[in-house]
Protein chains: 2
Amino acid sequence: MQCSCNNCHIRTIFYETLMSNELDGFCGARTELLLSKGVTFIRQGDEIKSFKYLKEGLIKLHKTDDTGKTQIISFGKPMDFVSIHNIFAEKTYSYSVTTLEKSIICVFDLSIINNLVKTNGDFANRIIQTTTRTANKIISDSLDLLGRSMYGKIARVILFFQEEIYFTYGFDLPVSRKEIAQYTGLSIETVIRVISEFRKDGLIKVYGKRIEIIDKKGLQAIYEHSK
Amino acid sequence: MQCSCNNCHIRTIFYETLMSNELDGFCGARTELLLSKGVTFIRQGDEIKSFKYLKEGLIKLHKTDDTGKTQIISFGKPMDFVSIHNIFAEKTYSYSVTTLEKSIICVFDLSIINNLVKTNGDFANRIIQTTTRTANKIISDSLDLLGRSMYGKIARVILFFQEEIYFTYGFDLPVSRKEIAQYTGLSIETVIRVISEFRKDGLIKVYGKRIEIIDKKGLQAIYEHSK
DNA sequence: GTAAATATATGACAAATATCATAAAGAATA
DNA sequence: TATTCTTTATGATATTTGTCATATATTTAC
């Protein structure tokens, strides 16, 4: 039987671990969500019933505390599992997830995944690796940011979108200055000011959301010397 | 067969998931390490060959970057798995682990754990839950610290040792001011100054490493209003 | 037991970052 | 189109935190 996941990267993550009959069940039971930009499709506090995979697009993981302050925890790109480090440990989501661009989400019933974990040791192993890698990336990224100055933090964000999301020197920032502030822990004004300084120093060009990296080595040097 | 892990908390984590014969293999193949204070028993970069459990004592997870700067990632207490969020994802340790007090570490060969993951779905499930919970705690703690002022950060550290480690209002800090700085991202002088301020304000008494909490509600208020 | 190293402590000052105020540009809405 | 709301931008100023200097106390090494 042809599985509609054939062209999807999720196969390369789990394929080898699944028997043909398991794969059919796995792929057959999935739903696809086509979401436009700005849709919060997971809300902190909601019960976890499914396992979600970002097939295309861009998302942010975020949480709001009792005082109403919002923090952005990480950005997710295609081939990322959404909130995967959360779904096996808790009954409800600790974080919300919102699209930053038009995105396609694959939704699997959590019971199918849990069942495969129980019956297929290799699959269980893949899940363990994937969850821990996802969590480790969040930990090392947030520890990295913690130790840097405002210049290093903003340089990191710009380099992140260039190196891990758009792969070109010119791109439209998918986040507002405010969201960069929520991710870095800086104030909005500081974010705006640092971006302006980078522009004045000829490191980047800025036209609203549009960023063009002029001096990538300079940006990298700022990032690296910002401890 | 009597297993010497009978009195150990690790049984309550994995017990129900293991058949009697599996349990024998699990417990029989373990080694115990008795370590004095200040011993680095896991070093970043070393190959991961075992699964380690902190039976008694206190440890810190830390890493040193290329510039020689050391960051403390988390503190581990009894019943914690040491670096568990790392061992399934990587071949080598990303972090070092050092005892802060005399500690007992149980060492299991990683292949035994991996084998159980493959053959026992319930056990695999427990491992997934444990790894993700460990990682989630680190993520939420570090996000929490990131958003707080120096007063909130130091209050958090003092409250952590009172509430999660010693359970009494008076205790000896198991870490130096420098280590608190490495954990919070503050400078050493700032850590010392804030502790002094807390003392001058009558929140705590300080005799070198000895801390006595005088006004716990006051400390909590500082922590909570420090965003 | 003495010397050296490390940890704690505090002051003075500098640097980093936040806050408040204000304004213009853009986007959303009626 | 006019109106409102949000985002971006910048200046002035205040607050937070770091750095450097120096001193004492404590621990470690020989």
Side-chain angles (χ1 to χ4, degrees), chain A residues 36-38 67 69-72 98 100 145-158 172-201 204-212 222-223 225-227, chain B residues 36-39 60 67-72 98 100-101 145-158 172-201 204-212 222-223 225-227:
Chain A
S36 55
K37 180 180 163 168
T67 71
K69 189 178 157 185
T70 297
Q71 269 184 301
I72 291 179
T98 299
L100 294 173
L145 276 186
L146 183 65
R148 296 185 188 276
S149 71
M150 57 184 190
Y151 300 108
K153 285 172 177 164
I154 302 299
R156 180 74 204 94
V157 170
I158 295 171
D172 284 356
L173 269 182
V175 290
S176 66
R177 313 294 196 256
K178 185 177 178 181
E179 285 171 309
I180 296 177
Q182 290 169 342
Y183 179 60
T184 56
L186 299 168
S187 71
I188 299 177
E189 295 93 326
T190 296
V191 172
I192 291 170
R193 247 182 272 271
V194 171
I195 291 176
S196 290
E197 280 196 66
F198 285 174
R199 175 176 48 73
K200 286 171 193 161
D201 293 345
I204 54 176
K205 285 189 180 173
V206 182
Y207 314 94
K209 293 245 188 269
R210 178 102 193 143
I211 297 279
E212 274 170 37
I222 286 172
Y223 168 67
H225 299 142
S226 67
K227 286 244 168 170
Chain B
S36 56
K37 179 178 162 169
V39 177
K60 65 173 175 180
T67 71
K69 189 177 159 187
T70 296
Q71 269 184 302
I72 292 179
T98 299
L100 294 173
E101 290 180 351
L145 275 186
L146 182 67
R148 294 185 189 277
S149 71
M150 58 185 188
Y151 299 108
K153 285 172 177 163
I154 302 300
R156 180 75 206 94
V157 170
I158 295 171
D172 284 357
L173 269 181
V175 290
S176 66
R177 312 295 195 256
K178 185 178 178 182
E179 286 170 309
I180 295 177
Q182 290 169 341
Y183 179 61
T184 56
L186 299 167
S187 71
I188 299 177
E189 294 95 326
T190 296
V191 171
I192 290 169
R193 245 182 274 271
V194 171
I195 291 175
S196 289
E197 280 196 67
F198 284 174
R199 175 176 49 71
K200 287 172 192 160
D201 293 344
I204 55 176
K205 284 188 179 173
V206 183
Y207 314 94
K209 292 245 190 266
R210 178 102 193 143
I211 297 279
E212 275 170 36
I222 286 172
Y223 169 66
H225 299 142
S226 67
K227 287 241 167 171

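These figures come from a predicted structure and were not determined experimentally. The figures here come from the full heavy-atom set of this structure, side chains too, leaving out hydrogens, waters and symmetry mates. Naming convention: chains lettered A, B, ... in sequence-line order (proteins, then strands); numbering from 1 in each chain.
- Shown here for B:Ser226 and B:Gly152, the closest heavy-atom pair between the two residues is OG-CA, 3.3 Å.
- The side chain to side chain contact (heavy atoms under 4.5 Å, CB included) search around B:Lys178 returns B:Ser176, B:Gln182, B:Ile188, not counting sequence neighbours.
- Sorted by first and then second residue, the salt bridge (Lys or Arg N to Asp or Glu O under 4.0 Å) pairs involving residues 182-197 of chain A (not counting sequence neighbours) form an empty list.
- Regarding A:Tyr207, its OH atom lies at a distance of 13 Å from the P atom of D:dA9, rounded to whole Å.
- Judged as a salt bridge (Lys or Arg N to Asp or Glu O under 4.0 Å), and not counting sequence neighbours, the contacts of B:Glu212 are B:Arg210.
- Distances shown here put a side-chain N or O of B:Ser196 below 4.0 Å from the OP1 or OP2 atom of C:dT10.
- For the pair B:Leu173/B:Ile180, a side-chain contact is recorded, criterion being any heavy-atom separation below 4.5 Å from C-beta on.
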Restricting both atoms to N or O, compile the protein contacts to nucleotides 6-8 of chain C shorter than 3.5 Å, with distance only.
| residue | atom | partner | partner atom | Å |
| --- | --- | --- | --- | --- |
| C:dT8 | OP1 | B:Lys209 | NZ | 2.9 |
| C:dT8 | OP2 | B:Arg177 | N | 3.0 |

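- Comparing the local axis fitted to the first five base pairs of the helix from C:dG1-D:dC30 to C:dA30-D:dT1 with the one fitted to its last five gives a bend of 60°, rounded to 10°.
- Atom CZ of A:Phe198 and atom C1' of D:dA9 are 17 Å apart (whole Å).
- Remark: B:Glu101 pairs with B:Leu58, B:Tyr166, B:Pro174 by the side chain to side chain contact (heavy atoms under 4.5 Å, CB included) rule, at least two apart or across chains.
- The CZ-P distance, from B:Arg199 to C:dA9, rounds to 7 Å in whole Å.
- The salt bridge (Lys or Arg N to Asp or Glu O under 4.0 Å) test applied to B:Arg177 returns no partner, not counting sequence neighbours.
- With sequence neighbours left out, B:Arg156 forms a salt bridge (Lys or Arg N to Asp or Glu O under 4.0 Å) with B:Glu164.
- Summarising the local packing, NZ of A:Lys69 is surrounded by more than 12 heavy atoms from other residues, nucleotides or ligands at distances under 6.0 Å.
- Here the shortest heavy-atom pairing between B:Val194 and B:Tyr151 reads CG1-CD2, 3.9 Å.
- Residues meeting the side chain to side chain contact (heavy atoms under 4.5 Å, CB included) test with B:Leu186, sequence neighbours left out: B:Met150, B:Lys153, B:Ile154, B:Thr184, B:Thr190, B:Val191.
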Start with the C-alpha gap between B:Ile158 and B:Phe198, add the side-chain angles, then the distance that decides, and say whether side-chain contact (heavy atoms from CB on, under 4.5 Å) holds. CA-CA 11 Å; B:Ile158 295 171; B:Phe198 284 174; 4.0 Å; yes
Give the B/S/- string for nucleotides 17-30 of chain C, one per nucleotide from 5' to 3', where a protein heavy atom under 4.0 Å of the base yields B, of only the sugar-phosphate yields S, and otherwise -. SBBB----------
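- Residues forming a side chain to side chain contact (heavy atoms under 4.5 Å, CB included) with B:Thr98 (at least two apart in sequence, or on another chain): B:Thr40, B:Lys60, B:His62.
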Under 3.5 Å, N/O pairs linking protein and nucleotides 24-30 of chain D:
none

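- With rounding to whole Å, B:Lys200 atom NZ is found 10 Å from C:dA9 atom P.
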